[in-house]
Structures are given as C-alpha cells and as structure tokens.
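Lettering of chains follows the sequences in order, A, B, ..., and the numbering in each one begins at 1.
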Amino acid sequence: MTKIPDKPTLDGIEARWIDQWESDGTYRFDTSAVRDQVFAIDTPPPTVSGSLHVGHVFSYTHTDLIARYQRMRGRKVFYPMGWDDNGLPTERRVQNYFGVRCDPSQPYEDGFQPPFRGDPPKKHQAIPISRPNFLELCDELVEMDEKVFEELFRRLGLSVDWTQHYATIDARSRRVSQRAFLRNVARGEAYSQEAPTMWDIDFRTAVAQAEMEDRDRPGAYHKIPFQRVGSEGAIEIDTTRPELLAACVALVAHPDDERYQPLFGTQVVVPLYGQTVEVCAHELAQPDKGTGIAMICTFGDSTDVTWWRELDLDLRAIIGRDGRMLAEAPAGVDAEAYSAIAGTYPNQAQRVVVEQLVEQGILVGEPRPIEHPVKFYEKGDRPLEIVTSRQWYIRNGGRGADLRAALVDRGTEMTWYPGHMQHRYDNWVEGLNGDWLVSRQRFFGVPIPLWYPLDANGEPMYDEPIAPSEDQLPIDPSTDVPDGSTADQRDQPGGFTGETDIFDTWATSSLTPQIAGHWEEGDGLFERVFPYDMRPQGHDIIRTWLFSTVTRAHHEHDEVPWTNAALSGWILDPDRKKMSKSKGNVVTPMGLLEQYGTDAVRYWSSSARPGVDTTFSEEQMKVGRKLANKVLNVSKFVLGFGDAGDATDAARVTEPVDLAMLARLDSVIAEATSAFDAYDYARALERTEATFWWFCDDYVELVKNRAYGTLGDEAAASATNALRIALGSFQRLLAPFLPFATEEAWSWWHDHSIHAAEWPTPSGLGGDESLLDPVVEVLTLVRRAKSEAKVSQRAAVDQVTVSAADGAGAAIEAGRSDLIAAGTISTLDVVPATDGGPVTCDVVLAPAD
RNA sequence: GGGCGCAUAGCUCAGCUGGCUAGAGCGCUGCCUUCACACGGCAGAGGUCGGGGGUUCGAGCCCCUCUGCGCCCACCA
C-alpha cells in the first residue's frame, strides 16, 4: 500500500509499473499448471522486418484484453510472444538496409562489413556477398528489429510472459519445423514433384496459391489466324499474350461448340513459328470468350497447365527462371523466327512479335485494349510466370476431396469471432486447386532437411531422399552430412547432394502452437497448452496462417490446434486516405503512446468490436485519457473517506439508495462477464464505462454529503462501504482496458497487483436497482433549473415540488435526505402525479444574496 | 460469376432473442473557477434509423426487393 498522492497523475505511470510487473513476474506462466487450469494463446508472431504501425497496437491490445480477463478469472494464462523473422521480407530488408545482395557463388568473407548500415544512397549498386555472410546480416538486423518490437509491446502493456518467446528462425523453430515436415514426408503427406508452378521472376522462387493476388492490368486482344493444314481457310483466335505463340501446343474449344466441332482433331499451323498443332476439345474452353477458341501455350496461365495435363500435350517451354525467353527455340519451332525474341522479357517479346505480325500482314485488325486481372505474387512487382521446376508440397486438400472435406470440417470444430469469418475459411478451402507448395528458392529460412543420393552419372535420385534422424535436428543439408556418408562424397557421382531449397515462412509459422508449446522437446509444456484456447489474428491471413496451422495440426495431431479463433479488423484512416504519411507528421505507435498515454490508446483499440474495421481516432484516445484520469480521481476521493486499508463491510450497507447502486453494479458485472466470455471486450467496456460514469457523476454526487457524515455515522458507513465495494469492482472491471491507471489506484489500498486479483462477482445484496432512476431524475431537474437560471450548482433552493407516480414517489422518498443535501434544498415535497406521467419538478430558487 | 459484411445525430459508433419517449462519446451552444477531478463539472440543441414493399397489436431489429460502399473467393484466351 502506498500513500494516495495529493495530485494523482498519469504521467510516467507506464515505466514504473512495467518495471514492477517484470520484477514481480506478474505475468509469468505457471509451468506446473494442468491443462484444465490453463488458458493458452497462440500469439501471432509479427513480421519483425516490417514497420511498426498502429495496426499492431490495435490487434495486440485485443488479445491482451482477453488474456487479462482470463487471468483474473483464475486461469493460468499461457501468453507467449514470437517473432516471424525468417523469409523474404527479412531478406529484402537486409538488401535495402545494408546495400548488399545474396550471391551463393561468392566465397565467405570472414569479418565482412557491409557498405552501409541504414539508408544506402538510391544510386548504390548492391554488393554481392556470400550466402553465409548474407545470413549473418539477416541475424544482425533481425536482432535489432526485435528489440524495437519488444520495447513497443512492453510499453503497450501486453501481459506477455517474456520468458516464453521464440523466433521462427531460431534453433527450436527450425527443429520443430523440420521434425514436422519429416513426419509429413514419412506419412506421405509431403512429396516432391517436377511440375509447372507459379514463379516470381524477380525473386526467382516458386510461389504458393495463398500468396498470389489478382491485379487489374491493361492488356489487349490480338486476333491471329492459324492456317489449316490440308484444307483452305484459317481459324482465328484472340490472345492477350501473342509473345507466347512460340510456346503454342494446341488450340482448344468447347466440345459442344458447333462452330468448331468439325475441326476437332485437325491440324493448324502456328503463324511466324511454323509448328503444327492440333485442334482439341475441352469443357474449360468458354465459347463466349474471344472467338470461342483459344491457343494453349506452355504456359500462359493455369488453365493452360490443366489443358496440357489433361489433353496430354507436348511441352514447349520458352520462359526461363529469370523471366527471359530461353536462348534456344523449343522443338518444332522455327529457330530463326524465334531468335528475334530469345533473351527478352515477355513485355519486350510482345512488342517484337506484334511488330512482326503487323509487318507480315498476319494480325487481323487492331489490338483491342482491355483491362484484365493478372496474377501477381503479393510482394512482387511483375506478373507471375509459369515455370517447370521440382518443388515440395504438403497435401492440403487442393488435390483430394476427402482431405478437403476433412479440413472444412475442422473449421466447424472451433468458434469463430465474429462468426461470419468462417465463410472465408470455407470459401478458401473449397476453392483450392493444388497442394501447398512449401519449398522456396531463397536463402534466409529453415532448410528443407533432406539429401538426395547421386547416381553413377551424378544425377540426384529425388524419389529416394535421405532424411536425418529426429535427434539430429535442426540440420542444414548444405553443410551437414547424412549418416554413413563423408563430406568428400558431396556432389560426387555415387555420393549425395544437399537440398538447397528452404521452407516458405508459412511452413514454419503454421507450427506456432508446436513451437511455442515446445512440442516433442521433452519438458511437458506441450501437454499443458495444446490444443490452445485462442488464436487471435487478422482476417487477411485466414487463408495462409490460419488454414496452414489447421492443416499441420490435422496431419500431426488429428485435432484442431485451438478452440477459438478471434479475428481482428483493420485500421482505416479518418480521411479514408493512406495513413498520415502524406501529411508529414507520421503517426508512430510509440508517439501515440507517449502523447496520450498507453491506457488512452488501449481504450481506443478496445472500443472497436471484434473483427470490425475501425477508424483511426485520436479523439477516442482523448476520451480514454479522460477515463483513466477519472479512475485516479474518483479513487482518491472514495478512499479519502474513513480508514485506510482494503477492508469493506457489506453488512454496513443499509441505505436503499446504496443497495440500489450495488444492484446496478451487479448487473454490469454480469453483463461484462458474459461479454468477455464471448470475446466481446468492446461490449464489456461499453457497459462498464457507461455505468462507471453514472457512478461518478450521479451516485457519488448524490451521496457524498452523507459520506462526509452530515447524516450520522450509520448513514455515512453505509455510503462509504458501498462506495468502496463499487470502487473495487470498477477498478477490476476496467483493469484489462486500463492496466496502468487501475493498477496505480488499486495500489493505494492493496498490496498485490490488480492483475492478479479476482474478477469481480455480483455482491448479491438484493437492492432494488430501479430505485435510483427517479432520484437521479429529480437531481437532474434541479440541476437544470439552476443551469437555466444561470446560477451555480451550489446555489440554495427554497422549495422543490416533485410530481411523480406512486412507484417513483416512493423511490424519491428513499433518496430524500441525499437529494436535499446534493441539491442544497430547504424543502422537498413529493405529490402524486395526477395523470401518472413522468416525474416533473417545480423548483423555487432561494433569492441571491 | 460466387460468397460475406456495412448503411442509425455534423463525426465515430452502441442498440444483444422485435416492446416504454431511439442512446453514448466527440463536436456544437449556454452556464458553473462547487472543499476528488479545469487533463474538470452541469445543462441544452440536434435523428422521417439508406429507398420501397411485407409480416405483426407493435419493426432500427424479422422477410422480400432496390440503391450505395467495402471485403473475400473465382480458369488471366
């Protein structure tokens, strides 16, 4: 217990309590707790290489509200924190920050110093460095970034147990990720395959379906005739990608299309390049699109892949991994014609091809511009191409109806907040069109833990991968050697070669429950936390993080990884514009916390309903600051009555008015509790806050004279005990939202943290809640009379005549002495309302002195 | 093309299974420097609940329909 300050203030409150909580271990997880006592949270690991923004403050506050509530309900809260630091975003940030790029052909340089640490000049040419040097810089930058994130999250008051943290690149994460994958391989849930895949030509890596997005891009239909073989005439097709004519392997129309039925099975000649292709039939061809007949290229889009596979067509690839047209013309294609586009990018090739078509009089009419959706990697700048390569996949139902149905069912085994978010999950799973591509041709990530034997010719035998044993994990197959082999057998015929690909970041972050819970690490933690109680996350990553986590848990544990999914909404700019960057004064999360105070910013976050997109509002933060201030001031006032200490005596609360207040408080406790149980923290706050202001503005004003002792000791004791009981409840009801102000005020009369205190329960004293409304109504009418007369609220009143119906009249009688004191009233008469209408007042002010 | 969400005061939003006169905060207007709080308090003005139908004793809430905004998904000829 500390002394109540004369002038309570919110300034500097955060630093003090953050230190206190840390040294007291207030939020430390009890590792001896049994599963039933535990509330486990699968915290989203933020991408540390990204910038901090108010969205972090927003959604992480929501999780913390639930954590604090559950802790006060007596649950042992498992609330870890992770950092998502592996993967492409980190690589990109390292390149931009240090002015380097990874070139695996470079030798390692001991003690390498990058040319820059932050902000290389725009003209700077990135310096190529070795993969190990590059990874060292990744580690260095990630460590810096994580410090900044941790500082913000601590300042935000997150009740995280910081001893339970992980990073998706750390040894435990690599071990868990590799172990889970190897088990997938052993059970046949993961497999490798040489196949056409979506490919980003700038990052030079394969991309999964979940990471693709459509962007509208201008294009143009080009009408091109294909001469028929062995008969007169030509077939006209429309294409937006004339540069792929060299890759054309067939034409295709719908089998029911009468225009083309006579042509099925006949041959046509591809313009410019001369290869002969067949006219085929397939249901995916759309008669109403273009001319109703399309050219199939390997590969222009994913439909081409389907046609190629199902119609068993030739492969005539022309786009390489670097996105350029291959140097050599494919089989059957006129080499001289092809040489005009060899080595160019697709957009350059298109210009060349269209010129040739025009010069030779082949193109029919003018190209017709259109706007059409084009597939992009969500982090990429140029359209995805389709390139054939060997990749690893994990089955996710995209190629199997049974698994797909099972994963849809998993969605029904958890409760979604808000409920309609489940539609997005169903939508996504049901729309999958391939298994989950987990391998990436990148550098900073968890290595795929496999080697391949090399045959006598030095060719890898991909179907017979060599796996390490689980006790060897984590490994890096590019430096580690499989059991029974020696380092000098690496890359030698008859020897082995290491897998060079790494996992996509989602392949590891899909295992956050296993990583945070120390799955198979032998310390018994996992059994205490899995399946988790809550997965909080943004609705934008349902198709990635949420779905992939469900998939991994389904394969490994045959269970859902958690029972409740809580989805956060987005932050919108008040002007519906880009968040303030253009306005010069960038809004940084830390700046907001410093300007308004943490509690105020948390209040704004807390007032947003779960899953609802919310306007960024500094006004709301001001309101929050006001509320936090009020908590301090009313606490000081209430605790100023009577003895110090936390003792209250409910038995001494005897006045009907006081019992009525506690009855109202009981209702609010019940409402807030059930709202929190349904993850609706915003409703809990709204109900609590409204009642708290009513308590401060009306109830306290009404009874404070009595509390001072003007009506005797018994009456005073009733008021002061009721005030203290209510104060203790309000402080605890508000504690999840305003952890700092409530802790401060609580400390004035308690020895232990409010955040370890028990969630309030209804007093059950049986007061009549309806009693106070008529009393407060009279108080308001008296205040109005004074306000309209433009006199001080302290001004004396000679006579108040209240007209009220029976019930209201009785209530007002119960509050008579408090009303007289609060309103400075000499005579208060209550008369029955003649028409049973609302309470009215005739107020006669005392003459001014 | 399929799916989902939103539309209530000038602004941001509550209004949970239909039920007294539709609420809050901000903003606005007026007043009060009252012994917890001027980072304050008191009071006031302000709404045909997006349009149109329907069910019902009764609709902001349920049904149909239209309009506008936003999001998710879909094979890019």
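Residue A/Asp540 is classed as having no contact, given no heavy-atom separation below 4.0 Å to the nucleic acid. Among the heavy atoms of the strands lying under 4.0 Å from A/Thr780 are primed sugar atoms or P, OP1, OP2 only; no base atom is included. At a threshold of 4.0 angstrom between heavy atoms, the contacts of A/Met212 with the nucleic acid are absent. A/Ala608 comes within 4.0 angstrom of nothing in the nucleic acid, heavy atoms only. A/Arg625 comes within 4.0 angstrom of a nucleotide base, judged by non-hydrogen atoms across all strands. Nucleic acid contact for A/Arg217: none, since no nucleic acid atom lies under 4.0 Å from a heavy atom of the residue. In this structure, A/Glu236 reaches neither bases nor backbone, as no heavy-atom distance under 4.0 Å exists between it and the strands shown. Among the heavy atoms of the strands, none lies under 4.0 Å from A/Arg241. When heavy atoms are screened at a 4.0 angstrom cut-off, A/Trp570 is found touching no nucleic acid atom at all. Backbone-only contact: A/Lys7 has heavy atoms under 4.0 Å from sugar-phosphate atoms and none from a base. Across all strands shown, A/Gln286 has heavy atoms under 4.0 Å from base atoms, whether or not it also approaches the sugar-phosphate. Among the atoms of the strands shown, base atoms are found under 4.0 Å from some heavy atom of A/Leu284.
Identified under the salt bridge (charged side-chain N to carboxylate O under 4.0 Å, His left out) test for residues 610-620 of chain A, with sequence neighbours left out: A/Glu619-A/Lys622.
Counting only heavy atoms from C-beta on, A/Trp693 has its side chain closest to B/rG41 among B/rC75, B/rC76, B/rG41. Each of B/rC4, B/rC39, B/rA43 was ranked by its minimum atom distance to the side chain of A/Thr9; first place goes to B/rC39. Among the nucleotides B/rG15, B/rC76, B/rG2, the one closest to the side chain of A/Met198 is B/rC76.
Under the 30°/60° scheme for interplanar angles, the aromatic rings of A/Trp570 and A/His539 are found to stand perpendicular.
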Distance-only criterion, 3.5 Å: show the donor-acceptor pairs between side-chain atoms of residues 364-376 of chain A and protein atoms not counting sequence neighbours.
| unit_1 | atom_1 | unit_2 | atom_2 | d |
| --- | --- | --- | --- | --- |
| A/Arg368 | NH1 | A/Asp238 | OD1 | 3.0 |
| A/Arg368 | NH2 | A/Asp238 | OD2 | 3.2 |
| A/Lys375 | NZ | A/Asp214 | OD1 | 2.7 |

Show the atom names and distances, to 0.1 Å, of all donor-acceptor pairs under 3.5 Å that link a side chain in residues 693-700 of chain A to residues at least two apart or in another chain.
| unit_1 | atom_1 | unit_2 | atom_2 | d |
| --- | --- | --- | --- | --- |
| A/Asp698 | OD1 | A/Arg783 | NH1 | 3.1 |
| A/Tyr699 | OH | A/Asp658 | OD1 | 2.5 |

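The shortest side-chain heavy-atom distance between A/Phe637 and A/Leu727 does not fall under the 4.5 Å cut-off. Contact annotation: the side chain of A/Gln620 never approaches that of A/Tyr596 to less than 4.5 Å [non-hydrogen atoms, C-beta and beyond].
Atom OH of A/Tyr417 and atom P of B/rG5 are 18 Å apart (whole Å). In this structure, A/Arg309 places its CZ atom 14 Å from P of B/rC75, rounding to the nearest Å. In this structure, A/Ile571 places its CD1 atom 13 Å from C1' of B/rU12, rounding to the nearest Å. The CG-P distance, from A/Asp613 to B/rC72, rounds to 10 Å in whole Å.
Applying the 4.0 Å criterion to OP1 and OP2 of B/rA43, one finds that A/Arg783 has a side-chain N or O inside that range. OP1 or OP2 of B/rA74 sits under 4.0 Å from a side-chain N or O of A/Gln209. For B/rC73, the OP1/OP2 oxygens have a side-chain nitrogen or oxygen of A/Arg543 closer than 4.0 Å.
With sequence neighbours excluded, no residue forms a salt bridge (Lys or Arg N to Asp or Glu O under 4.0 Å) with A/Glu689. Partners of A/Trp436 under the ring-ring contact (aromatic ring centres under 6.0 Å, His included) rule, at least two apart in sequence or in another chain, do not exist in this structure. For A/Phe226, the ring-ring contact (aromatic ring centres under 6.0 Å, His included) test picks out no residue, with sequence neighbours left out. Partners of A/Tyr260 by ring-ring contact (aromatic ring centres under 6.0 Å, His included), not counting sequence neighbours: none found. Residues passing the ring-ring contact (aromatic ring centres under 6.0 Å, His included) test with A/Phe264, sequence neighbours excluded: none.
Test A/Phe737, A/Trp746, A/Phe692 against A/Phe730 for ring pair (Phe, Tyr, Trp, His ring centres under 6.0 Å) and you get one pass: A/Phe692.
Remark: RNA chain B forms stems of 3 or more consecutive Watson-Crick or G-U wobble pairs, all pair distances under 3.5 Å, at B:1-7 with B:67-73, B:10-13 with B:23-26, B:28-32 with B:40-44, B:50-54 with B:62-66.
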Nucleotide-resolved protein contact map, nucleotides 21-26 of chain B, B/S/- at heavy-atom distance under 4.0 Å: ----SS
Footprint string (nucleotides 28-36 of chain B, 5' to 3'): B base within contact, S backbone only, - free, heavy atoms under 4.0 Å: --BSS-BBB
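A side-chain donor-acceptor contact under 3.5 Å links A/Ser792 to the backbone of A/Arg794.
A salt bridge does not link A/Arg687 to A/Asp680: none of the charged nitrogens lies less than 4.0 Å from a carboxylate oxygen. A salt bridge links A/Glu385 with A/Arg241: the distance from a Lys NZ or Arg NE/NH1/NH2 to an Asp or Glu carboxylate oxygen falls below 4.0 Å. Checked for salt-bridge contact, A/Asp11 and A/Arg625 meet the test: a charged N lies under 4.0 Å from a carboxylate O.
When the nearest nucleotides of RNA chain B are assigned to A/Asp214 and A/Ala285 by heavy-atom distance, the more 5′-ward of the two goes with A/Asp214.
For A/Arg683 against B/rC16, a side-chain N or O and a base N or O form a donor-acceptor pair under 3.5 Å. Scanning atom types as modelled, no donor and acceptor separated by under 3.5 angstrom connect the side chain of A/Asn427 and the base of B/rC73.
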Distances for protein N/O vs nucleotides 61-64 of chain B N/O pairs under 3.5 angstrom?
none

